2 protein chains.
Amino acid sequence: MSDFLLNQGIIISIILGAVGLGYAVFLIKQIMASSAGNDAMKRVAAAIQEGAKAYLRRQVTSVSIIAVIITILLFIWKRSAPVPVGFIIGAVCSMIAGFIGMRVAVVANVRTTQAATVGHLQALRVAFNGGAVTGLLVVGLALLSVALFYIVMSAGGHQAHAIDSLVGLALGASLVSVFARLGGGIYTKAADVGADLVGKNENALDEDDPRNPATIADNVGDNVGDCAGMAADVFETYAVTLIGALLIASLSKFGDATQAALMYPFLIGGISIVGAVLGILWVNIRKGGATALLMQGVGISAVVTAVLAYPVTQALFGKAEKLPFTANALYFTAIIGLVLTWLVVLITNYYTSTEHAPVRKIAKASETGHATNIIAGISIGNYATALPVLLICASIAGGYMLAGLYGIAIAVMSMLSMAGIIVSLDAFGPITDNAGGIAVMSELPKEVRKITDELDAVGNTMKAVTKGYAIASAGVAALVLFGSFYLELEKHLGHVVEFSLKDPSVIIGLFIGGLLPFLFTAMSMNAVGNAAGAVVQEVRRQISAKPGILTGKDTPEYATCVDIVTKAALREMILPALLPIIGVLGVGWGVSFLQSNHFLGHTALGGMLMGTIVTGLFLGLSMTSAGGAWDNAKKYIEEGNHGGKGSDAHKAAVTGDTVGDPYKDTSGPAINPMIKVVNIVAILVIPLLF
Amino acid sequence: MSDFLLNQGIIISIILGAVGLGYAVFLIKQIMASSAGNDAMKRVAAAIQEGAKAYLRRQVTSVSIIAVIITILLFIWKRSAPVPVGFIIGAVCSMIAGFIGMRVAVVANVRTTQAATVGHLQALRVAFNGGAVTGLLVVGLALLSVALFYIVMSAGGHQAHAIDSLVGLALGASLVSVFARLGGGIYTKAADVGADLVGKNENALDEDDPRNPATIADNVGDNVGDCAGMAADVFETYAVTLIGALLIASLSKFGDATQAALMYPFLIGGISIVGAVLGILWVNIRKGGATALLMQGVGISAVVTAVLAYPVTQALFGKAEKLPFTANALYFTAIIGLVLTWLVVLITNYYTSTEHAPVRKIAKASETGHATNIIAGISIGNYATALPVLLICASIAGGYMLAGLYGIAIAVMSMLSMAGIIVSLDAFGPITDNAGGIAVMSELPKEVRKITDELDAVGNTMKAVTKGYAIASAGVAALVLFGSFYLELEKHLGHVVEFSLKDPSVIIGLFIGGLLPFLFTAMSMNAVGNAAGAVVQEVRRQISAKPGILTGKDTPEYATCVDIVTKAALREMILPALLPIIGVLGVGWGVSFLQSNHFLGHTALGGMLMGTIVTGLFLGLSMTSAGGAWDNAKKYIEEGNHGGKGSDAHKAAVTGDTVGDPYKDTSGPAINPMIKVVNIVAILVIPLLF
């Protein structure tokens, strides 16, 4: 079996990836076959679908233009196909993962509403399967694209060449992902904040009230942000982690065991798809409460992956000699990744669920006003960084002690291998959110909305939890990329390089790198503010032009709002998305220049990468946690605590929720791909600079 | 002259330090001699004085208990006097700087009010001279204490021994400073937030309305936070920078030039006192607008220091041989510090003054509500980190290129040498703030309040500017300490140590170190929330017990509020203040333990120090800038923009101002001493751990 896996491991993983995609197609057919409800529901759903499609079409156009320019630049520079072709494949697959995932979400939403007229469990399954399509697409496409590209590129026997050009693929995936996260994030929150500001605050309209001209845009936003953005983001982290692991395997001088070390990450990806499929099946077959069922699904995926990984590890490494680690040690690094995933999920849940102290503290602080709500939320967000960071440290220590840098890479790969089931949970959120919106807008009975509301609350926690997972895994994945960076640099220079904190170049690099996430969040928060301002003005214009809108006599022009948010989001995403590239190139050229004057060296670039990882991880964790906690503090008050809906505490909580929107859905999650773009660009420009 | 300076440099600097203290005594007498106004004013002033004294007495008691415990532990551990005695001297001087400064501030406040009945310029001078006392005390005491202790300790010829034990002094100063910053910061903001929440929001009382039971506590807070806390903080940065420069001079193997390198930082400190005295005199002699006069004072101090530094540098280093730098190069590092000070002042002013775009952007965002005000403020705060950090990078690069690690130390020392005049500006703020409060409470005519209000607005900008200076200098000072740490560690181990980013121990250290400022701000924000909650409850209790308070029929029990804030602040400051010590000891022991298992090494401790510096600098800069910008956005609206006082925009701006309070006056500035405690404790525990 050992030889079989060594030779055919990549084929096996391709087959398993295809199985995952096949199951996704099956789920799509199943969803399409279910009822889409009555005409009113179909009308609302069609408006959301249209808005989402229109936005994604334009986003694809904008991003494609930038991607084509970069491809041409890469081609001119490299004078060979692999890197630019890799770039295109990465970019296209990242877009596809987001695009199809979102298309499924916008047909699943109305079907979830319809299923909710039948019962709780039926609605849960439609929504979950809609999300599962995205989850399976993400892992299936990532595994397939990397594996196929790797096979094609190494066909001539140039394995090292193949791995180099995978960096192009990683860049394509990451760059699209930054745009998707930012564009989608700005869209969804500009629409949400804008709709809330004029709707709830100025005109006392409820959430999803059809009289609010920004309602459709708000619902579109859930799909383009939470669904398409998240899918592109996790696709990217997965592909980049896999590529990083391959880079480390090939650069680590493992001798005869190199082939095994190259196959292992592919196989972990493959077997975890089996785990994801079984987990999804479980949720479809069993009965029970939503949260319990979903958590069981995650548990099953993890256990299946852990069990299958053991024989694979033994077969590949059981007889390998002269390696700095044993097969068992390596197996444990994979287990570390699974355990880290589980613990991060638990911790994020603690900080963002209405059941626990942090959210309740924010809710209580809302009693004394807007300001104390904000202070409490920011404080909780900062607290929430502690345990994940300590766990990440423990995982790094464990992975490195067991199997060196490669051990860290395998721990991250096994963490990412859970993406299939975890993204299913996340993409479930916007579907139930939309389902509730459709129920209100098409005036279905209150019981339907009650079911979708319950599912929506579950979806909120799941979304927060997935974000914790995404940022934690992105942080460790970036460390793997940093490892690839210095191995690549040393290979290029032909000697060992140290990045010592005693070297002022490294310190300057750390500061400049640390600055990037701060500037990036400043820009993206600002972008949401600008885009939301445009929505507010448009809604005010419509209401003053046709006062009948508020009484229900006139129909608002939903499409104009959708159009305005689309334009604003695309305009505002460009600058922050390019910041990481500009940052690396700027520092890189500065370094080149100063190096010729014998001062700053390549060590400054290394310091910069690490600086970005450090502050990026903290900002990402604290912003996503604070945002989730604010959101649920509002929900907790709406459940009737501290005066309930309409009380002063509730108003303060709405403020916190609104501040939390760009925290948790724009700036916070967009840091994930951003820190990886910084690292990938650095790897890519090594031969240019030194 | 060269030999004279080499042998007597320290005596000269002691004489100049004494001159500074003498001028401070002269200013105190002058202030005491001026009129304290009518009986009503004296009554109010007495209440503030009493509250401030009561608080500081208790703070000194609490901190003394902790200090005595640490002294005993140090003595048991070291079994010799120098380190514990140094610790006591540092702690006592830090307390004295804060204590006397605050005592002067609480007699200057009412005299400023009285002077305001005469005219603008008269009031400016009393307030400024009150602040100048603190400024002179800070630099005079810091220079004298370090110099005298150094002379005594090196009397037996054990110069190396003397420098080692100065670390004890640094620890004493830093630890007291953390407590003073935190205790004072929590006190001032708990009182302020508490008074605003019940006063302005619930009962529509104006700022400083005598019917608000928390008014006196609020005024007391200005003194214990902005005045005593800032004084202890800058005293600490100054002393620690001087000590760090001495450590680097003695460990850098400068050969024959070591003595010159040791005298140079003392002399820079000495001549800058001449600059400070002349700058203060200028403000007292000339006429003109407040801002212009104050900025001229700063300019004169800087120019005098720069001019005097040139001959000193030439005398000490002009003939030195075999040094890795020339006298001119070293002189330029000193100029770098002065230029950095000036630029940081300009940049902070840009981000926090009502004259410029950032504050106006926040004011405009307030039109659409509380949430957009907060989002805009956080975004501005993050933007505001960019330029200072890039300038710090440029200064590090410049200092290092010109004269190595010692060059960086001299740049920081010259930056800190400006503390005399800069702290004068800062301590001026709470005096004018109080003066306004006293004018309202003792019902003086409106023209008086108008003058104090104008001065207060100037004071607000000055406070913000000083905070930018304090955090930027603290960041670079911490780098100097990091340099001392690794030189000390290498001396102890007897071999060179690298802290490479390729080493997982360093990465883990960076993450844990990066976590400390996040946890620290989480705890301190939380502490303000808790303490403010206690004030709110007490005020509500008083008002419901005696409803006559609101109509002015009953007198509120001011003292009870003062008492409650005092207790709450002292209780809440303990845990965050001990966090940096616990953090270093925890990581240190963890490292010791794991090192015996051949994993983590002393490199983790180095990574941790740097991690704290990086995230601490960013958090400190962004929080103090955002806080200042929010404060002035409110002021800008109150000047009649965006609807003026009472408008919805104003309400939103009040929320931002309240969130900004703990940002700019508690958590943000307390990060300064905190990152230095981390580094000093690390230096101190080297022989314990390795």
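Since this is a predicted model, take the numbers as computed values, not measurements. Sequence lines set the chain letters: A, B, ... in the order given, protein chains first and strands last, and positions in each chain run from 1.
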Euclidean distance, F618(B) CZ relative to L515(A) CG, rounded to 0.5 Å: 5.0 Å

Pull out the residues in residues 659-666 of chain B that come under 4.5 Å of chain A, heavy atom to heavy atom, sorted by number. V659(B), P662(B), Y663(B)

Nearest 0.5 Å, what's the CD1-CD1 distance between I512(A) and I392(B)? 11.5 Å

Which region of T385(A), side chain (C-beta onward) or backbone (N, CA, C, O), has a non-hydrogen atom less than 4.5 Å from a non-hydrogen atom of chain B, or is it both or neither? both

All side-chain hydrogen bond (donor to acceptor under 3.5 Å, both in side chains) counterparts of D196(B), not counting sequence neighbours: none

Can you tell me which portion of A386(A) sits under 4.5 Å from chain B's heavy atoms? Options are side chain, backbone, both or neither. both

Contact origin within L617(A) toward chain B - heavy atom pairs under 4.5 Å: side chain

Taking salt bridge (charged side-chain N to carboxylate O under 4.0 Å, His left out) as the cut-off, I'd like each qualifying pair that reaches into residues 500-523 of chain A, sequence neighbours left out, listed once. K502(A)-E490(B), K502(A)-E498(B)

Nearest 0.5 Å, what's the CG-CG distance between L501(A) and L501(B)? 5.5 Å

Where does F482(A) contact chain B at under 4.5 Å (heavy atoms): side chain, backbone, both or neither? side chain

Part of K361(A) lying under 4.5 Å from any heavy atom of chain B: side chain

Rounded at 0.5 Å granularity, tell me how far CD1 in I374(A) sits from OG1 in T658(B). 11.0 Å

Would you say S379(B) and N526(A) are linked by a side-chain donor-acceptor pair, where the criterion is simply a distance under 3.5 Å? no

Which of T615(B), V536(B), I378(B) touches chain A most, by non-hydrogen pairs under 4.5 Å: I378(B)

Note, L390(B) side chain near F511(A) side chain (heavy atom, < 4.5 Å): no

Side chain, backbone, both or neither: which part of I380(A) has a heavy atom under 4.5 Å from chain B? neither

Does the side chain of M610(B) reach to within under 4.5 Å of the side chain of I507(A), using non-hydrogen atoms? yes

Rounded to the nearest 0.5 Å, what separation is found between the CD1 atom of I508(B) and the CD1 atom of I396(A)? 5.5 Å

V614(A) portion near chain B, given a 4.5 angstrom heavy-atom threshold: both

The criterion is side-chain hydrogen bond (donor to acceptor under 3.5 Å, both in side chains); which residues satisfy it with S625(A), sequence neighbours excluded? none

Between T372(B) and chain A, with a heavy-atom cut-off of 4.5 Å, which part of the residue counts as in contact: side chain, backbone, both or neither? side chain

Identify which part of L516(B) has an atom lying under 4.5 Å from any heavy atom of chain A, answering side chain, backbone, both or neither. neither

Quick one: does M525(A)'s side chain get under 4.5 Å of N382(B)'s, heavy atoms only? no

With respect to chain A, which residue among L619(B), V497(B), I408(B), V193(B) yields the maximal number of heavy-atom pairs within a distance under 4.5 Å? V497(B)

